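So the structure is just underneath, and the comments pick up after that.
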Amino acid sequence: MNTPVLETERLILRPVTLADAGEAFANWTGDPEVARYMAYSTHKSIKDTEEWLRGVEDTQGLPTSFDWGFERKSDGRLIGSGGIYYKESSDMFEVGYNIMKECWHQGYTTEAVREMVRFALEELGQTRLACSHVAENVNSGKVLMKVGFHRVGKRPWVSLDGTKKGECFVYLYEK
């Protein structure tokens, strides 16, 4: 199944493509404050963002990976991204997301995550979803609880490149 276009009151969730590299780098992947709690480290150049998007494009069409860009309806601006990804280790889809700093505390993340959860439940037939966030990122926990996740534990956390370490809280959504 290809990643479908989804819509909320204020957002269009659409597949991200290599053509989004400039806007993604300028708006969130190149921002150290946004990357602070993410598995990825701050992208140093647009080439880093292009590499990430090439990886996303390589998984499009797989039934185990769905990546969206969050496009604001009011101005067409790409303000963040997120997705759901099947993890064999937990035998369920996990949710991930990030959004540009200018859009923090405005409800966009909650709106996007709620729609991704709806898609997983209604379109993919899932009954359980997982998500985690770095313990210090309390606002991410608030988003998850608003859409129906509950905290089930914590575990060690290491970024993809090994430069960031700590603890993360683990959440579960059950239909």
Side-chain angles (χ1 to χ4, degrees), residues 3 13 15-18 20-60 62 64-70 78-106 108-114 116-117 120 126 128-147 149-173:
T3 301
L13 281 64
V16 287
T17 69
L18 190 57
D20 295 318
E23 198 169 11
F25 179 72
N27 292 347
W28 73 90
T29 65
D31 184 336
E33 287 191 71
V34 175
R36 179 177 175 194
Y37 301 125
M38 301 304 298
Y40 68 86
S41 290
T42 308
H43 291 185
K44 302 294 183 212
S45 72
I46 195 168
K47 296 212 179 294
D48 293 338
T49 303
E50 289 171 346
E51 183 179 329
W52 162 61
L53 289 168
R54 279 190 195 90
V56 169
E57 286 185 339
D58 287 347
T59 63
Q60 284 183 357
L62 296 178
T64 55
S65 185
F66 300 87
D67 280 282
W68 291 276
F70 306 154
L78 196 62
I79 62 170
S81 64
I84 55 173
Y85 318 94
Y86 181 76
K87 302 289 185 179
E88 282 191 32
S89 59
S90 62
D91 191 31
M92 70 180 89
F93 279 88
E94 294 186 10
V95 177
Y97 50 87
N98 60 171
I99 197 160
M100 64 189 287
K101 186 178 177 192
E102 177 186 311
C103 293
W104 290 356
H105 310 291
Q106 296 178 39
Y108 289 115
T109 306
T110 301
E111 196 171 313
V113 173
R114 185 173 281 125
M116 291 189 298
V117 167
Q126 299 301 299
R128 299 173 67 218
L129 301 168
C131 193
S132 61
H133 69 80
V134 174
E136 293 83 12
N137 188 0
V138 296
N139 289 318
S140 196
K142 290 176 184 177
V143 166
L144 293 172
M145 288 187 272
K146 284 179 190 174
V147 300
F149 282 82
H150 61 277
R151 189 184 303 172
V152 294
K154 63 182 174 179
R155 64 174 169 76
W157 173 80
V158 180
S159 62
L160 295 171
D161 65 4
T163 61
K164 300 181 279 188
K165 297 177 183 182
E167 283 192 324
C168 71
F169 291 124
V170 179
Y171 291 77
L172 187 63
Y173 182 102

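What you see is a predicted model; the values in this text were computed from it and never measured.
Of the possible donor and acceptor atoms, one in the side chain of Asn98 sits under 3.5 Å from a partner among the backbone N and O of Ser81. Side-chain atoms of Gln126 do not come within 3.5 Å of backbone N or O of Val117 as any donor-acceptor pair. At distances below 3.5 Å, at least one donor-acceptor pair connects side-chain atoms of Arg114 with backbone N or O atoms of Lys146. No donor-acceptor distance shorter than 3.5 angstrom exists from the side chain of His43 to the backbone of Phe25, with no hydrogens or angles considered. For the pair Lys164 (side chain) and Met38 (backbone), a donor-acceptor distance under 3.5 Å is present.
Note that NE2 of His150 is 11.0 Å distant from OH of Tyr171, once rounded to the nearest 0.5 Å. In this structure, CG on Leu53 lies 6.0 Å from CG on Leu18, to the nearest 0.5 angstrom. Atom-to-atom distance recorded for Thr64:OG1 and Lys87:NZ is 9.5 Å, nearest 0.5 angstrom. If you take CZ on Phe149 and CG on Leu172, they are separated by 8.0 Å, rounding to the nearest 0.5 Å. Note that CD of Glu136 and OH of Tyr37 are 6.0 Å apart. Values are rounded to the nearest 0.5 Å. The line from OH of Tyr86 to CD of Glu94 is 10.5 Å long, rounded to the nearest 0.5 Å.
Between Val147 and Met116 there is no side-chain heavy-atom pair separated by less than 4.5 Å. The shortest distance between side-chain heavy atoms of Leu78 and Phe70 does not fall below 4.5 Å. Using a 4.5 Å cut-off on side-chain heavy atoms (C-beta onward), Met92 and Leu129 make no contact.
Nearest approach of Lys154 to Phe169, heavy atoms of both residues: CB-CD2, 3.9 Å. Shown here for Asn139 and His105, the closest heavy-atom pair between the two residues is ND2-CE1, 3.2 Å. Shown here for Pro15 and Asp20, the closest heavy-atom pair between the two residues is O-OD2, 4.2 Å. Nearest approach of Ala24 to Thr49, heavy atoms of both residues: CB-CG2, 3.9 Å. Counting all heavy atoms, side chain and backbone alike, Cys168 lies closest to Ser132 at SG-CB, 4.0 Å. Across Tyr97 and Leu144, no two heavy atoms sit closer than the pair OH-CG, 3.5 Å.
For the 3.5 Å distance criterion, the side chains of Tyr85 and Asp67 qualify, holding a donor opposite an acceptor. Side-chain polar atoms of Tyr40 and Asp48 form no donor-acceptor pair below 3.5 angstrom.
Applying the 6.0 Å contact sphere to CD of Glu57 captures more than 12 heavy atoms from other residues, nucleotides or ligands.
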Exercise. In sequence, state the C-alpha distance, the side-chain angles, and the governing distance for Ile84 and Trp68, and then conclude on side chain to side chain contact (heavy atoms under 4.5 Å, CB included).
Key: CA-CA 9 Å; Ile84 55 173; Trp68 291 276; 4.1 Å; yes
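Note: Trp52 and Trp28 have perpendicular aromatic rings, judged against thresholds of 30 and 60 degrees for the angle between ring planes.
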